Peer 1: 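The structure is given below, and queries will be raised subsequently.
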Number of protein chains: 2
Amino acid sequence: MSPRRSDSRGRMISSAAVLLGEQGAGATSIDRVLAHSGAPRGSVYHHFPEGRTQLIDEAVAFAGDVMADRIAAVSRTGDPVAAIDALFALWRSRLIDSGFRAGCPVVAAAVAADEEGPQWADSAAEVFTRWQTTLTDVLVAGGLPETRGRRLAAFVIGAFEGAVVLCRAERSPAPLDAAAAEIHDLLVHALPDRPGAAADAGEAP
Amino acid sequence: MSPRRSDSRGRMISSAAVLLGEQGAGATSIDRVLAHSGAPRGSVYHHFPEGRTQLIDEAVAFAGDVMADRIAAVSRTGDPVAAIDALFALWRSRLIDSGFRAGCPVVAAAVAADEEGPQWADSAAEVFTRWQTTLTDVLVAGGLPETRGRRLAAFVIGAFEGAVVLCRAERSPAPLDAAAAEIHDLLVHALPDRPGAAADAGEAP
DNA sequence: GTCTATACGAAGATAGAC
DNA sequence: GTCTATCTTCGTATAGAC
């Protein structure tokens with residue numbers, strides 16, 4: 001509620017999200033989050049009474065917020081195709097700039113959900129659902145029927161997340177590029193005539 | 001090389017693959033693999049001189065083989081659309097039958113790759129590449145140009161893996177169904193006239 | 001190939017002072 | 001909010017016998 005000058009709590013959450021994305025939940029230990037964020041050991045359980053489990057939970061929600069903001073930002077033009085192209089381009093840069101280390105914290109938490117952190121799956125699901133809702137709105141606003149918009153939104157998010165996993169493993173942007181291109185074409189054909197987007201040639205990133 | 005009567009080694013690898021898929025690399029400890037497989041403690045480092053890291057490595061390769069066999073089996077009809085429909089149907093059942101616990105060991109290893117197991121990313125990449133090659137062959141045999149076939153194969157595998165992650169988090173087959181439907185339609189339009197598949201209505205699973 | 005025992009380290013969590 | 005122990009659990013890995 002009351003933001004501190006040197007926001008240890010926030011920095012820990014942000015660091016946890018990074019570590020989660022780069023190396024998975026196993027590597028997102030309290031020790032490493034502390035080292036990465038520079039936050040003090042002493043206040044860990046003051047900020048996160050439920051310990052590591054809670055920390056990862058909040059990191060997932062945080063990553064969800066960040067990405068949701070980006071989806072919103074990129075959708076302001078009202079053109080769903082441009083918006084989704086931009087999202088792919090954004091992550092292409094992120095992957096390359098990080099030497100293919102950057103990954104999605106939400107996927108990492110979802111995949112690692114077990115008896116140690118059963119709620120991680122729920123946290124991840126919440127985020128995925130939120131993204132799907134946001135994207136669905138964009139697509140429906142673009143002229144797609146509700147049913148198709150929903151289906152397509154889920155598809156795009158799944159394809160995107162899977163492509164990121166493949167890119168990191170292969171250390172190549174190719175899978176993301178493949179997804180971007182296929183989804184671009186798919187959207188162009190699925191959407192009714194978009195105003196000011198008559199010439200589609202060379203629009204894919 | 002020489003298969004034993006009570007194949008402890010093989011059972012450990014198989015169990016590791018299951019645990020990896022269900023709960024991620026963090027939960028795939030030697031102890032749990034032992035408990036799950038019923039294999040004896042005493043021979044762990046006899047079978048896996050490099051310990052847990054090697055065990056997980058081999059589990060990834062094993063899971064890769066199993067899935068590659070399935071891709072091959074499902075492609076024998078020569079119809080790429082039917083083959084990919086079948087793959088999605090297969091995993092839909094797997095997810096539901098397991099209460100949405102079953103997951104992909106390869107993705108789990110890829111996401112958890114860090115300094116503890118840097119080679120897991122490479123093992124995963126090898127598997128993904130192998131699947132992509134196999135699928136590319138199927139699509140090219142179906143009449144697609146090499147370039148598009150490659151791109152589409154990477155796309156399909158990424159979309160598939162991402163959808164599985166979403167399904168497990170949301171405990172719902174919806175994301176996989178969305179992917180199956182969208183990809184089915186995409187393939188039908190991308191492929192030249194498929195023999196014996198004139199009527200496409202109701203072919204999606 | 002399999003056993004027991006044990007060394008060792010990493011990490012989560014708690015207690016109580018400041 | 002932060003600090004310094006400290007406790008405890010767990011998991012990897014090794015040693016040496018059978």
Side-chain angles (χ1 to χ4, degrees), chain A residues 1-16 18-20 22-60 108-109 112-120 123, chain B residues 1-20 22-60 108-109 112-120:
Chain A
M1 287 297 189
S2 46
R4 302 290 171 276
R5 199 97 57 96
S6 65
D7 186 11
S8 296
R9 195 185 136 89
R11 289 214 319 280
M12 281 188 72
I13 292 174
S14 168
S15 285
V18 172
L19 289 173
L20 213 42
E22 290 189 349
Q23 302 181 323
T28 310
S29 63
I30 294 181
D31 280 13
R32 293 206 220 187
V33 170
L34 254 22
H36 187 274
S37 63
R41 299 201 84 78
S43 53
V44 173
Y45 288 86
H46 170 74
H47 293 305
F48 307 96
E50 288 149 64
R52 185 177 95 110
T53 315
Q54 181 189 356
L55 172 57
I56 288 184
D57 244 344
E58 301 210 27
V60 170
D114 65 337
E115 65 267 11
E116 187 192 7
Q119 70 273 61
W120 296 343
S123 303
Chain B
M1 285 298 186
S2 45
R4 302 289 172 275
R5 198 95 59 98
S6 66
D7 187 11
S8 296
R9 195 185 135 88
R11 288 213 321 281
M12 281 188 73
I13 291 174
S14 168
S15 286
V18 172
L19 290 173
L20 212 43
E22 290 188 349
Q23 302 182 323
T28 311
S29 65
I30 295 181
D31 280 13
R32 292 207 221 187
V33 170
L34 253 21
H36 186 275
S37 62
R41 301 200 82 79
S43 53
V44 172
Y45 287 86
H46 170 74
H47 293 305
F48 306 97
E50 289 149 63
R52 186 178 94 110
T53 314
Q54 181 188 356
L55 172 57
I56 289 184
D57 243 345
E58 301 210 26
V60 169
D114 65 337
E115 65 269 9
E116 189 193 7
Q119 69 272 61
W120 295 343

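Note that this is a predicted model, so its numbers are computed, not measured. Residue numbers start from 1 in every chain, and the chains themselves are labelled A, B, ... in the order their sequence lines are given, proteins ahead of strands.
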Peer 1: Could you pull out all residues at least two apart from A:R41 that satisfy salt bridge (charged side-chain N to carboxylate O under 4.0 Å, His left out)?
Peer 2: A:D31
Peer 1: Step by step, work out the side-chain contact (heavy atoms from CB on, under 4.5 Å) result for A:R32 and B:D114.
Peer 2: CA-CA 13 Å; A:R32 293 206 220 187; B:D114 65 337; 4.0 Å; yes
Peer 1: Restricting to nitrogen or oxygen on both sides, can you table the protein-nucleotides 6-9 of chain D pairs closer than 3.5 Å?
Peer 2:
none

Peer 1: List for me each residue that meets side-chain hydrogen bond (donor to acceptor under 3.5 Å, both in side chains) alongside A:S123, sequence neighbours excluded, and say none if there are none.
Peer 2: A:D57
Peer 1: Looking only at heavy atoms, which two atoms of A:R9 and A:H47 are closest? And how far apart?
Peer 2: NH1-O, 2.8 Å
Peer 1: Quick one: salt bridge (charged side-chain N to carboxylate O under 4.0 Å, His left out) partners of A:E50, sequence neighbours excluded?
Peer 2: none
Peer 1: Please confirm whether the shortest side-chain N or O distance from B:S43 to OP1 or OP2 of C:dC3 is below 4.0 Å.
Peer 2: no
Peer 1: In this structure, how many angstroms lie between the P atom of D:dG1 and the CZ atom of A:R11, rounded?
Peer 2: 13 Å
Peer 1: Can you give one letter per nucleotide of nucleotides 11-18 of chain D, 5' to 3': B if a protein heavy atom sits under 4.0 Å from the base, S if only from the sugar-phosphate, - if neither?
Peer 2: SSBB----
Peer 1: Between A:M12 and A:V44, is the side-chain contact (heavy atoms from CB on, under 4.5 Å) condition met? List the steps.
Peer 2: CA-CA 9 Å; A:M12 281 188 72; A:V44 173; 4.2 Å; yes
Peer 1: Provide, to the nearest angstrom, the distance between the NE2 atom belonging to B:H46 and the P atom belonging to C:dT4.
Peer 2: 17 Å
Peer 1: Testing the basics here: between A:W120 and A:T53, what is the closest heavy-atom pair and its distance to 0.1 Å?
Peer 2: NE1-O, 3.2 Å
Peer 1: Output all residues satisfying side-chain hydrogen bond (donor to acceptor under 3.5 Å, both in side chains) with B:S14, sequence neighbours left out; order by chain, then residue number.
Peer 2: none
